[in-house]
Amino acid sequence: MPDSSIQDGYYPSRALISRSAFLHNLQRARDLAGDTEILAIVKADAYGHGKEQISRWALDAGINWLGVAQLGEAIQLRKTLQQRGRMLALIAEPGSPFAEALTLGIDLSVGAKWTLDEIIAAAEKLNVAARVHIEVDTGMARSGFLLEEFRQIVPKLVEYRRRGLLEMVGLWSHLARADELSSPTTDQQVAIFEEARQVLEAAGLEVQFCHLAASAGLLWHPETRYSMVRLGAMLYGLSPNPELATAEELDLHPVMQLEADIVSTRDVPAGTGISYGHTVTLGKAAHLGTVPLGYADGVPRHASNSASVVINGQDCPILGRICMDQFVVDAPGVQPGDIAVLFGDSAKGYATADDWAADSGTIGYEIICRLGARIPRQYME
């Protein structure tokens with residue numbers, strides 16, 4: 001049963017978050033990773049699932065590492081979790097509170113000279129060793145040291161470590177095309193990463209973890225697993241590439257089920273126009289239901305007239321444009337208070353987040369990450 005204490009107040013919708021599905025996916029990851037350390041990615045509020053509860057489930061299941069994108073996320077979560085486990089923050093801007101991060105024991109990514117300078121300044125002020133993961137740009141062109149820049153920065157790393165201001169925890173990068181079964185780009189990125197490793201070795205710098213693979217790398221590129229993998233999508237039951245292998249084919253279970261109560265029904269005659277712009281005009285009489293979710297809640301407007309929901313076991317297509325707070329479905333026999341399931345487990349007959357993505361011209365990641373704050377997350381065993 002849902003834990004009603006998770007979210008106080010009244011809301012006509014909910015995202016049911018399954019602990020058993022999360023733990024199933026985690027075990028699938030462990031089976032593939034073997035002795036490789038797993039870093040559970042809980043950025044973007046754990047892909048919309050609620051970072052605090054997902055983090056606790058991961059830590060309770062024996063995961064040692066959590067990863068977030070922004071430093072502000074890391075600081076807040078680190079305090080909430082009372083500094084349990086290890087945490088890596090991947091993104092920070094100039095002037096970030098690095099001293100507070102170091103005091104909280106947060107590991108920091110370093111992929112630019114200014115980042116290193118500011119982190120070392122904070123470490124000197126506190127008289128501590130900053131725990132860092134050096135990022136190398138192997139082919140994403142968004143962050144990290146280019147290989148030549150990396151060579152130039154290594155002497156500084158050696159000096160800072162000698163002075164006790166730096167602990168070299170990790171070397172990392174990110175794959176651009178790991179969701180393809182075979183790509184020269186992936187081969188090139190691995191080669192560049194290997195060269196960066198050799199540069200560190202030649203300088204006498206050892207790191208505890210090398211991490212290059214995310215979910216797609218773990219699934220389809222064993223050579224990229226190294227000593228740590230950063231896993232997000234597959235822990236939440238998503239395939240990194242449904243065209244290559246669906247979540248069902250990968251034996252991944254969706255952790256989220258999105259549903260809402262029907263708030264209005266009506267019988268309307270043929271010729272009735274539906275929603276803004278009357279993009280649909282009924283060819284025959286219909287019984288309509290109104291679902292109290294819209295694009296303000298993260299339901300994509302691009303799914304208008306294409307996606308469907310399941311109510312009482314029947315598929316009910318969306319009619320007309322999705323509005324800010326609601327949309328209309330063709331819903332024979334449905335009454336107010338019946339539950340409309342937008343997406344969930346296909347084994348139960350529901351559409352998946354990937355189905356909604358296909359109907360919206362996007363990816364399943366976006367469907368679950370974009371859900372709004374006014375949808376309560378209810379955590380289920």
* Do any pairs count as a ring pair (Phe, Tyr, Trp, His ring centres under 6.0 Å) and have a residue in residues 25-73, sequence neighbours left out, and if so which ones? -> Y47-Y236, H49-Y236, W57-Y379, W65-H133, W65-F209
* Asked: Are V190 and V207 co-members of a hydrophobic cluster defined by side-chain heavy atoms under 4.5 Å apart?
  -> yes
* Asked: Hey, is the main chain of I375 close enough, under 3.5 Å, to the side chain of R377 for a donor-acceptor pair?
  -> yes
* Carboxylate-amine/guanidinium contact D60 R84, below 4.0 Å -> yes
* Are any of the side-chain heavy atoms of K348 and V341 separated by less than 4.5 Å? -> no
* L71 side chain near P97 side chain, heavy-atom distance below 4.5 Å -> yes
* Asked: For atom CG of D31, is the number of surrounding heavy atoms from other residues, nucleotides or ligands below 6.0 Å larger than 12?
  -> yes
* Interatomic distance, Q70 atom CD to Q76 atom CD [nearest 0.5 angstrom] -> 12.0 Å
* Asked: Does K51 NZ have over 12 foreign heavy atoms under 6.0 Å away?
  -> yes
* Excluding sequence neighbours, so at least two apart, what forms ring-ring contact (aromatic ring centres under 6.0 Å, His included) with F150? -> none
* To do: Would you kindly confirm whether L166 and F98 end up in one hydrophobic cluster when ILVMFWY residues are joined by side chain heavy atoms under 4.5 Å apart?
  => yes
* To do: Find out if a path of hydrophobic residues (ILVMFWY) with successive side-chain heavy-atom gaps under 4.5 Å connects L90 to Y226.
  => no
* Asked: Within the distance-only criterion (no hydrogens, no angle test), does the side chain of S183 pair as donor or acceptor with the backbone N or O of T185 below 3.5 angstrom?
  -> yes
* To do: Not counting sequence neighbours, list each pair that qualifies as a ring pair (Phe, Tyr, Trp, His ring centres under 6.0 Å) and has a residue in residues 271-313.
  => none
* Backbone N/O of A245 and side chain of S239: donor-acceptor pair under 3.5 Å -> yes
* Sidechain-backbone polar pair: R14 side chain, P376 backbone, donor-acceptor under 3.5 Å -> no
* Is the side chain of S215 donor-acceptor paired with the backbone N or O of M234 at a distance under 3.5 Å, no angle test? -> yes
* **Residue pair L293 / F327: nearest heavy atoms and the distance that separates them** => O-CD2, 3.1 Å
* Considering the options R230, Q189, E135, H211, which one meets the side-chain hydrogen bond (donor to acceptor under 3.5 Å, both in side chains) requirement together with H174? -> R230
* To do: Kindly check if the number of other-residue, nucleotide or ligand heavy atoms within 6.0 Å of CZ (R266) is above 12?
  => no
* Could you check if a side-chain atom of Q257 sits within less than 4.5 angstrom of a side-chain atom of S18, using non-hydrogen atoms only? => no
* Structure fact -> In short, A58 meets L66 closest at the heavy-atom pair CB-CD2, 4.2 Å
* To do: Mark yes or no for whether D355, through its side chain, and T352, through its backbone, hold a donor-acceptor pair below 3.5 Å.
  => yes
* Answer yes or no: is there a donor N or O on one side and an acceptor on the other, between the side chain of T281 and the main chain of G271, under 3.5 Å? => no
* Asked: Salt bridge between K79 and E100, side-chain N to carboxylate O under 4.0 Å?
  -> yes
* To do: With the side chain counted from C-beta on, respond yes when I134 and L200 share a heavy-atom pair under 4.5 Å apart, and no when they do not.
  => no
* State whether D325 and R374 are salt-bridged, where the test is any N-O pair (Lys NZ or Arg NE/NH1/NH2 against Asp/Glu carboxylate O) under 4.0 Å. => yes
* Look at the side-chain heavy atoms of Ile, Leu, Val, Met, Phe, Trp and Tyr, link any pair under 4.5 Å apart, and say whether V229 and Y365 land in one connected group. => yes
* Are any non-hydrogen side-chain atoms of L238 and I363 less than 4.5 angstrom apart? -> no
* To do: Provide the closest heavy-atom pair for L77 versus V68 in the form atom of the first, atom of the second, distance.
  => CD2-CG1, 4.2 Å
* Asked: Are the side chain of R131 and the backbone N or O of D107 linked by a donor-acceptor pair below 3.5 Å?
  -> no
* Asked: Distance-only, no hydrogens or angles: does the D297 side chain make a donor-acceptor pair with backbone N or O of G294 under 3.5 Å?
  -> yes
* Between A303 and W356, which heavy-atom pair has the shortest distance, and what is it? -> CB-CZ3, 3.7 Å
* Please check if the side chain of D354 supplies one atom and the backbone of A357 the other of a donor-acceptor pair under 3.5 Å. => no
* Path from I339 to L371 over hydrophobic side-chain contacts below 4.5 Å -> no
* With the threshold set at 4.0 Å, does a side-chain nitrogen-carboxylate oxygen contact exist between E149 and K113? -> no
* **Under-4.0 Å salt bridge between E159 and K156** => no
